[in-house]
There are 2 protein chains.
Amino acid sequence: MVYSIGQLSKETHCKVPTIRYYEDIGLLEKAQRSAGNQRRYTSQQCQRLHFIRHSRALGFSLDEIKQLIHLQDCKHHDAHQAHDVAQHHLVEVRNKIEQLKQLEQQLLTMIDNCDVDGSDDCLVLKSLNEVSEKGN
Amino acid sequence: MVYSIGQLSKETHCKVPTIRYYEDIGLLEKAQRSAGNQRRYTSQQCQRLHFIRHSRALGFSLDEIKQLIHLQDCKHHDAHQAHDVAQHHLVEVRNKIEQLKQLEQQLLTMIDNCDVDGSDDCLVLKSLNEVSEKGN
DNA sequence: ACTTGAACCTCTAGTTACTAGAGCTTGTAT
DNA sequence: ATACAAGCTCTAGTAACTAGAGGTTCAAGT
């Protein structure tokens, strides 16, 4: 099976300029070209792009994905390196969730305070104007 | 009270280049200048920068903050517009939390599967290679 | 008054992960 | 043979800053 860039795009739900971008930064190897200089992809490359998109959907950065791909290509890697990358990413995701939950609470408090008040001024603005001496 | 940019930076925990950046994009009004062309800030501007940093800490985008500032400056605004901006932001934060929780689950599953297996290959890579037909 | 050095100035470019557009060429179907 | 979709390259734009170069000003100490 040989794919044009448009076909690959449909297959992987990855936009055409994004595919070219991945090639530019060396995440996808340079595609073969047709007689007229158009990109032609193999199933292997399609598989790799699936891997990249799947990883992106899980929130891995392009840099992390580069590492994962390297681990895949390097036969003699430590079995647990990919595991470590994933583990590290999990920790980051959990931190992010914690941060956002705190944020949610602060927003809620702000909005609720405003609801209680029947006055002309929205307390949201007042609340944002209060200098929080706590954070850093 | 008059502040130099460095003093303002300390007061607000906002880096110097960031303050200049905010001025560039029109989020902070242009500062007065000393005889030697250095920026001089008033307490009002300090207050405004506090407002901006506080809002950023709550995850508002610079665009949203521009709206909030406009609401503050415009005397005859609808009392609930700022409320709406905050409410909308809250929804976004909650969506983000939901997404991240799903992500956390997928990562956990991936990592756990790998732990169970005692083989040479880390299943994290295998897992990322599986084409998920579900997502879009 | 003079000197030193920290803090300031402007301007350009880099970061992440793409996206959009201009202007041109190729592939394919009729 | 011709039309037009799809491809090509290259540049620039997005968000929210950050870093660096190369030069100027301020304030404190002598």
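On a predicted model such as this, the values are computed, not experimentally measured, just so you know. Order of the sequence lines sets the chain letters (A, B, ...), proteins ahead of strands, with each chain counted from 1.
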Undergrad: For the pair A:Ser9 (side chain) and A:Cys14 (backbone), establish whether a donor and an acceptor sit closer than 3.5 Å, ignoring hydrogens and angles.
TA: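 Flag set: sc A:Ser9 to bb A:Cys14 pair under 3.5 Å.
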Undergrad: How is A:Arg20 classified with respect to the nucleic acid when contacts are heavy atoms under 4.0 Å: base, sugar-phosphate, or nothing?
TA: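 Here A:Arg20 touches the bases of the nucleic acid.
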Undergrad: Which whole-number value in Å describes the distance from A:Ile65 CD1 to C:dT16 P?
TA: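 The distance from CD1 of A:Ile65 to P of C:dT16 comes to 13 Å, rounded to the nearest Å.
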Undergrad: For a side-chain contact (heavy atoms from CB on, under 4.5 Å) with A:Tyr21, tell me which candidate from A:Val16, A:Leu27, A:Leu62 qualifies.
TA: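 With A:Tyr21 as partner, side-chain contact (heavy atoms from CB on, under 4.5 Å) holds for just one option, A:Leu62.
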Undergrad: I want to verify a distance call: between C:dT10, C:dA17, D:dG7, whose nearest atom is closest to the A:Val16 side chain?
TA: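 For the A:Val16 side chain, the nearest candidate turns out to be D:dG7.
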Undergrad: Would you say B:Ser34 reaches D:dC26's phosphate, i.e. side-chain N/O to OP1/OP2 under 4.0 Å?
TA: yes
Undergrad: Check this for me: does any side-chain nitrogen of one of B:Arg48 and B:Glu29 sit under 4.0 Å from a carboxylate oxygen of the other?
TA: no
Undergrad: What's the OH-P distance between A:Tyr22 and C:dT19, to the nearest Å?
TA: 8 Å
Undergrad: For residues 100-109 of chain B, please give each side-chain donor-acceptor pair under 3.5 Å, one per line with the distance, not counting sequence neighbours.
TA:
unit_1   : atom_1 : unit_2   : atom_2 : d
B:Glu104 : OE2    : A:Arg94  : NE     : 2.7
B:Thr109 : OG1    : B:Gln105 : O      : 2.8

Undergrad: Starting at atom CD1 of A:Ile25, determine the distance to atom C1' of C:dT15, rounded to an integer number of angstrom.
TA: 13 Å
Undergrad: Using a cut-off of 4.0 Å on non-hydrogen atoms, how would the nucleic acid contact of A:Phe60 be classed: base, sugar-phosphate, or nothing?
TA: nothing
Undergrad: Taking only side-chain N and O atoms of B:Ser4, does any of them lie within less than 4.0 angstrom of OP1 or OP2 on C:dA7?
TA: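 Checking B:Ser4 against C:dA7: no side-chain N or O falls below 4.0 Å of OP1 or OP2.
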Undergrad: CD of A:Glu23 versus C1' of C:dA17: gap in Å, rounded?
TA: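 Distance check: A:Glu23 CD to C:dA17 C1' gives 17 Å.
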Undergrad: Which residue, B:Gly36 or B:Tyr21, contacts DNA chain D at a nucleotide closer to its 5' end, judged by nearest heavy atom?
TA: B:Tyr21
Undergrad: In this structure, how many angstroms lie between the C1' atom of D:dA16 and the CG atom of B:Leu62, rounded?
TA: 6 Å
Undergrad: Can you tell me if B:His13 uses its side chain to pair, donor with acceptor, with the backbone of B:Arg53 under 3.5 Å?
TA: no
Undergrad: If you check the A:Ile5 side chain, which of C:dC9, D:dC17, D:dG7 turns out closest?
TA: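 The listed nucleotide nearest to A:Ile5's side chain is D:dG7.
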Undergrad: Round to a whole Å and report the spacing from CD of B:Gln38 to P of D:dT24.
TA: 13 Å
Undergrad: For A:Arg39 and D:dA6, is the shortest distance between a side-chain N/O and OP1 or OP2 below 4.0 Å?
TA: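 Result: no.
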Undergrad: So which one's nearest nucleotide on DNA chain D is more toward 5', A:Arg33 or B:Pro17?
TA: A:Arg33
Undergrad: Where the side chain of B:Arg40 is concerned, which of C:dC18, D:dC26, D:dC8 is the nearest nucleotide?
TA: D:dC26
Undergrad: Rounded to the Å, how far apart are A:Lys30 NZ and D:dC8 P?
TA: 13 Å
Undergrad: For B:Ile19 and C:dT10, what is the distance between atoms CD1 and P respectively, to the nearest whole Å?
TA: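 For the pair B:Ile19 CD1 and C:dT10 P, the rounded distance is 13 Å.
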